[in-house]
2 protein chains.
Amino acid sequence: MSKRADKSPYHHGNLRESLVIKASEMLHVEGIDGLSMRKLADAVGVSRTALYHHFQDKNALLCAIAEQGFARWHATSERIFNQAKVKDRDKVRQFVHDYINYAADNPQLYELMFGRTLWKNATPTESLKSVAYPSFQHQVTMTKRWQQQGLMPANEDTLRLAQVTWGTLHGIARLLIDGIYADRTHIDEMCECAVNLFSQPNR
Amino acid sequence: MSKRADKSPYHHGNLRESLVIKASEMLHVEGIDGLSMRKLADAVGVSRTALYHHFQDKNALLCAIAEQGFARWHATSERIFNQAKVKDRDKVRQFVHDYINYAADNPQLYELMFGRTLWKNATPTESLKSVAYPSFQHQVTMTKRWQQQGLMPANEDTLRLAQVTWGTLHGIARLLIDGIYADRTHIDEMCECAVNLFSQPNR
DNA sequence: CGGCTAATTTTGACAGTGTCAAGATTGCCG
DNA sequence: CGGCAATCTTGACACTGTCAAAATTAGCCG
């Protein structure tokens with residue numbers, strides 16, 4: 001019993017948690033490249049290699065941060081769909097807006113959550129996978145429902161449709177984040193345009 | 001006269017060109033992070049800092065590579081739209097497929113062309129901008145035409161529509177490249193689904 | 001053909017990075 | 001209180017991009 005992570009710790013004072021917090025902070029301001037293990041250790045007040053007793057890799061640290069990001073978005077998403085008295089069409093609309101705004105508000109985090117750094121370059125933690133995969137599964141489930149309700153074309157394969165609609169959101173988010181051919185002032189109009197595109201009865 | 005870049009050069013044998021070629025090669029196999037100035041210099045057979053007389057930065061080198069990528073894609077794109085005897089609807093279809101396949105065939109290059117590395121982190125070269133911007137402008141022009149022909153919804157703002165449709169392509173490309181929730185075997189079906197989504201008279 | 005200038009390349013150096021191996025410290029449980 | 005294991009530190013290594021100064025070389029002009 002009392003393996004770790006609940007009792008007051010040895011030297012520092014719950015390092016692991018402090019690391020994730022501080023790292024998220026640094027990620028947000030400095031960006032993914034500006035976040036270095038050594039600077040992080042410095043900021044928290046421990047020595048360079050102290051981190052390696054709580055995270056195997058820099059990769060593991062990043063996975064932990066991303067994981068937190070997924071959890072937070074998942075909560076927001078749940079809140080949207082659990083609203084009673086809101087029509088499904090409006091939920092879709094709200095979902096799109098919130099998704100894009102979440103990305104625009106936390107560009108570095110979004111980049112980390114869905115970028116090549118974790119998913120292609122490195123090996124995502126099992127723990128991260130177990131949080132990230134259901135996130136897309138949810139999109140598929142929702143797409144199926146929207147099809148059944150006539151909100152989205154019923155003749156398209158659900159999986160493909162989910163990939164494409166989510167791909168659209170992802171694409172818009174990245175255009176904004178990377179600052180190519182779009183900026184924040186376009187967000188609302190772009191969202192509306194996107195919703196109109198894949199939500200069936202046009203008006 | 002004879003400023004450079006046409007006569008046989010001094011020591012090496014047209015270093016600048018060799019660098020871009022070799023760098024593109026390394027980018028393709030090793031990825032954007034695996035491409036280091038020192039390894040590149042080594043591979044070409046010059047010393048570490050020789051590159052800095054042809055490129056101010058690593059950033060400048062990357063811009064040159066990306067520029068070449070834009071040129072190549074632009075050529076492909078032109079070829080599609082200049083075909084006589086092909087209906088515009090089929091051109092759109094072909095455009096979508098080729099775009100995604102270009103990205104899937106050159107993942108690292110695509111990542112460089114449209115990624116944060118150049119557009120957000122660093123400062124894109126003027127030269128790069130002058131090649132990249134028209135690329136999107138072309139998308140806008142095409143979107144306008146498609147709207148006029150009734151292929152795409154005429155009531156949407158052209159600029160927004162162009163952003164969203166291209167965003168969709170971009171999103172799908174990135175999902176494939178970064179390997180999240182999609183892989184190459186899905187390409188064709190995803191493309192068809194996308195085309196159906198934003199091309200008006202559904203069938 | 002000789003020499004000067006300017007383009008080109010090299011060597012040395014510096015401040016960073018992630019991470020491994022060993023040693024020092026510390027808290028906790030028996 | 002003793003010992004053990006968790007925790008943290010120090011030292012080191014192989015990398016990275018890039019600057020300054022020295023060395024090399026090519027091309028042009030007289």
Side-chain angles (χ1 to χ4, degrees), chain A residues 1-20 22-23 26-27 30-65 108 112 116-118 121-125, chain B residues 1-20 22-23 26-27 30-65 108 112 116-118 121-125:
Chain A
M1 233 125 290
S2 92
K3 211 71 196 291
R4 70 178 54 151
D6 50 4
K7 313 210 61 171
S8 80
Y10 301 76
H11 305 58
H12 171 270
N14 212 347
L15 225 194
R16 194 193 146 104
E17 199 180 343
S18 304
L19 286 176
V20 177
K22 196 74 188 173
M26 292 178 67
L27 173 75
E30 300 230 46
I32 206 168
D33 296 318
L35 170 57
S36 92
M37 295 297 256
R38 294 169 107 107
K39 281 199 295 188
L40 174 60
D42 230 50
V44 172
V46 293
S47 211
R48 303 137 256 166
T49 56
L51 304 87
Y52 288 85
H53 289 94
H54 300 273
F55 300 98
Q56 199 188 28
D57 260 342
K58 181 178 189 179
N59 180 60
L61 205 219
L62 295 178
C63 284
I65 301 174
Q108 311 289 353
L112 186 63
R116 127 201 85 97
T117 310
L118 259 34
N121 285 351
T123 319
T125 306
Chain B
M1 237 125 288
S2 90
K3 212 70 195 293
R4 71 177 50 148
D6 50 4
K7 312 209 60 168
S8 79
Y10 301 74
H11 305 59
H12 171 270
N14 212 347
L15 224 195
R16 193 193 147 102
E17 198 179 343
S18 305
L19 285 177
V20 177
K22 196 73 188 177
M26 292 178 67
L27 173 75
E30 301 229 45
I32 208 169
D33 295 319
L35 170 56
S36 93
M37 295 297 256
R38 295 169 107 106
K39 281 199 296 188
L40 173 59
D42 230 51
V44 172
V46 293
S47 210
R48 304 139 258 164
T49 57
L51 304 88
Y52 288 85
H53 287 92
H54 299 272
F55 299 97
Q56 200 188 27
D57 261 340
K58 181 178 189 180
N59 180 58
L61 206 219
L62 295 178
C63 283
I65 301 175
Q108 311 289 353
L112 186 64
R116 129 201 83 101
T117 311
L118 259 34
N121 285 351
T123 319
T125 306

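Heavy atoms only: backbone and side chains are in, while hydrogens, waters and symmetry mates are out. Every chain is numbered from 1, with letters handed out A, B, ... down the list of sequences.
- Atom-to-atom distance recorded for A:Leu112:CG and A:Ile65:CD1 is 6.5 Å, nearest 0.5 angstrom.
- Distance A:Asp33 CG to D:dT16 C1': 13 Å, rounded to the nearest Å.
- Side chains of B:Asp57 and B:Thr123 form no contact here, defined as non-hydrogen atoms less than 4.5 Å apart.
- Distance, A:Asn14 CG to D:dA6 P: 17 Å, rounded to whole Å.
- Not a single donor-acceptor pair under 3.5 Å links the side chain of B:Lys58 to the backbone N or O of B:Met37.
- As a whole-Å value, the separation of B:Asp42 CG from D:dA14 P is 16 Å.
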Protein proximity profile, nucleotides 10-20 of chain C - base contact B, sugar-phosphate-only contact S, no contact -, cut-off 4.0 Å on heavy atoms: BBBB---BBBB
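- In this structure, A:Met26 CE and A:Ile32 CD1 are separated by 13.0 Å, a value rounded to the nearest 0.5 Å.
- A straight line from NE2 of A:His54 to C1' of D:dT9 spans 13 Å, rounded to a whole angstrom.
- In this structure, B:Glu30 CD and B:Leu35 CG are separated by 8.0 Å, a value rounded to the nearest 0.5 Å.
- The minimum heavy-atom distance linking B:Asn121 with A:Asp33 is given by the pair ND2-OD2, 3.1 Å.
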